[in-house]
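Below is one structure, written out as structure tokens; comments come after it.
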Amino acid sequence: MKKCLILFTLAFFFLSLGVVFAQRGSARSDVINVRIASSLPRNSDWGRALERLASDWARVTNNQLRAVVSHDGREGNETRMLSSLSSDAIQVAVLTSAGISEICPEVMCLSVPFFIRNNTELDLVLKEVQPVLESHVRNDFVVIAWSKGGWVYLFSKERVLTPDDLRRQKLGTSPGLNDMNTTFRTMGFTLVETDLSTIGTRLASNMLNAIYMIPAAIAPMQLHRSLNHMLELPIAPIMGAIVMNRVTWNKFSQAYQQEIIRATRQIASEFDASMARTEASAISAMNRDGLSVNKPSQAQQENWFTDIQRATPSLVGSVFNRDLYSRISEILERSRGRR
């Protein structure tokens, strides 16, 4: 009887071990490998933040999500990244306004030139319209977090203080910024479509003599050596977003989805603060290196605002979503009325 009891105990022990090892094997098969694509440099605040995000995702999902970051634009431009997201070649992409607009055209309402004028206004607008934007995102994608990618400023070879000054220039622009380009053409500016690889050549040949870009991109490219004037008036905010394809998103439990969102938004919030510091630091460094930062008078600022207000009505309903544009206008009018 005692021998039978020992055999039964051993059998139960080994059976239990088998169940444990089977469960462990099952846990390994449940691992979801995720590739994050970013056009931003690995050796930057955002690059380092993405590496930390990959670790945070593993932690909050008990290692179910294992992410690898592909930095430096190795996965191609944003259109290419969206295509790779759709085919599941990558599972997550870091996008700017240009890329986000391909899956949510309404986002460009945030980048109407001289519409939203500072971070305080941008925060107020985002607080109210972020859920609206997310409801318009194509159903096969999920925006995990939004971020603020800095402000676009005008850089030029000659000093520009008024819209008429800019109309005498050849303004370089990205072909992907269709809504912004349409707006500037409506305002009577001469645009020259270019990409980052051809800017230097076109500046040297005088094919363009002005460009609008975030200072954090101008400084490392040393473009301020040629475009040594900056208009100290922010044109528009650049939005960023971390986007996952829904095929991957649906693999996670609702509890893990909430943890992924929480961790991602914490990283995005920290990046927003660092981006503001990076922008100020870039302008200061370029200023020491010979960049002239030209502040327009109040009358000159109003000139820019009046020009865009004349151009925008013809674009609302065609280029910019009418309902969202109207809602943002109401938010801004309330805010400015209190000041």
Side-chain angles (χ1 to χ4, degrees), residues 16-96 99-100 102-104 130 133-134 137-149 239-275 278:
S16 299
L17 276 182
V19 171
V20 169
F21 283 122
Q23 288 174 339
R24 287 180 179 174
S26 172
R28 282 195 296 270
S29 69
D30 283 346
V31 169
I32 300 167
N33 292 305
V34 168
R35 191 173 186 83
I36 305 171
S38 168
S39 60
L40 299 164
R42 175 191 292 271
N43 187 27
S44 66
D45 286 347
W46 194 223
R48 288 183 284 273
L50 287 175
E51 292 291 348
R52 186 152 56 89
L53 180 62
S55 298
D56 285 352
W57 279 354
R59 176 178 53 79
V60 301
T61 62
N62 294 320
N63 288 314
Q64 184 181 31
L65 192 166
R66 294 183 184 172
V68 175
V69 186
S70 180
H71 301 275
D72 303 307
R74 289 198 300 268
E75 303 298 329
N77 62 23
E78 296 191 21
T79 298
R80 175 71 179 274
M81 285 195 286
L82 283 168
S83 176
S84 296
L85 269 181
S86 294
S87 65
D88 204 37
I90 61 173
Q91 291 70 44
V92 177
V94 180
L95 303 174
T96 63
I100 303 166
E102 295 190 36
I103 61 173
C104 178
Q130 184 174 314
L133 288 174
E134 290 173 0
V137 173
R138 255 172 52 189
N139 193 50
D140 45 341
F141 299 105
V142 176
V143 175
I144 305 175
W146 298 90
S147 69
K148 294 179 286 188
M239 294 303 300
I242 298 177
V243 178
M244 182 180 287
N245 63 27
R246 192 168 290 277
V247 170
T248 304
W249 182 250
N250 288 342
K251 293 177 181 179
F252 298 103
S253 68
Q254 187 173 7
Y256 278 168
Q257 287 175 353
Q258 292 305 309
E259 286 299 312
I260 290 168
I261 287 173
R262 184 191 59 76
T264 309
R265 292 184 177 176
Q266 176 62 35
I267 292 283
S269 175
E270 292 172 10
F271 175 73
D272 287 351
S274 73
M275 193 64 204
T278 299

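Atoms considered below: every heavy atom in the structure, side chains included; atoms not considered: hydrogens, waters and symmetry mates. Bear in mind the structure is a predicted one, so any value in this text is a computation, not a measurement.
- In this structure the side chain of Phe252 never reaches within 4.5 angstrom of the side chain of Gln258, judged on heavy atoms.
- Residues Val92 and Leu85 approach most closely at N-CD2, 3.4 Å, considering heavy atoms.
- Rounded to the nearest 0.5 Å, atoms CG (Leu65) and OH (Tyr256) are 10.5 Å apart.
- When the shell of 6.0 Å around CZ of Arg48 is examined, it contains more than 12 heavy atoms from other residues, nucleotides or ligands.
- Taking all atoms of both residues into account, the shortest heavy-atom contact from Trp249 to Gln257 is O-NE2, 3.0 Å.
- Taking the side chain as every heavy atom from C-beta outward, Ile100 and Trp146 approach each other to under 4.5 Å.
- Put simply, the side chain of Thr96 reaches to within 4.5 Å of the side chain of Glu78, judged on heavy atoms.
- Put simply, the side chain of Arg66 does not reach to within 4.5 Å of the side chain of Ile32, judged on heavy atoms.
- Separation of atoms CD1 (Ile267) and CZ (Arg52) is listed at 3.5 Å; rounding is to 0.5 Å.
- The structure places CG of Leu82 at 5.5 Å from CZ of Phe141, a figure rounded to the nearest 0.5 Å.
- Defined by atom type and a distance below 3.5 Å, a donor-acceptor pair is present between the side-chain atoms of Gln266 and Glu270.
- Here the rule is side-chain contact (heavy atoms from CB on, under 4.5 Å) with Ile90, and of Ser84, Ser83, Ser70 only Ser84 fits it.
- No side-chain heavy atom of Val243 sits under 4.5 Å from any side-chain heavy atom of Ile144.
- Between Gln64 and Val31 the shortest side-chain heavy-atom distance does not fall below 4.5 Å.
- Closest approach of Met275 to Gly149, counting heavy atoms only: CE-O, 3.4 Å.
- Between Leu50 and Val69, the closest heavy-atom pair is O-CG2, 3.8 Å.
- Side-chain atoms of Asp88 and Asn245 include a donor-acceptor pair closer than 3.5 Å.
- Nearest heavy atoms, Arg265 versus Ala145: CG-CB, 3.7 Å.
- Expressed to the nearest 0.5 Å, how far OG of Ser269 lies from NZ of Lys148 amounts to 8.0 Å.
- For the residue pair Trp57 and Ala67, the shortest heavy atom distance occurs at CE3-CB, 4.1 Å.
- Between atom NE2 of residue His71 and atom OG of residue Ser39 there is a gap of 11.5 Å, rounded to the nearest 0.5 Å.
- The pair Glu102-Arg138 does not meet the salt-bridge criterion, since no charged nitrogen lies less than 4.0 angstrom from a carboxylate oxygen.
- In this structure a side-chain-to-backbone donor-acceptor pair under 3.5 Å is missing from Asp72 to Arg74.
- Rounding to the nearest 0.5 Å places CD1 of Ile36 at 5.5 Å from CG of Leu53.
- Within 6.0 Å of atom CG in Asn43, 12 or fewer heavy atoms from other residues, nucleotides or ligands are found, so the atom counts as exposed in its surroundings.
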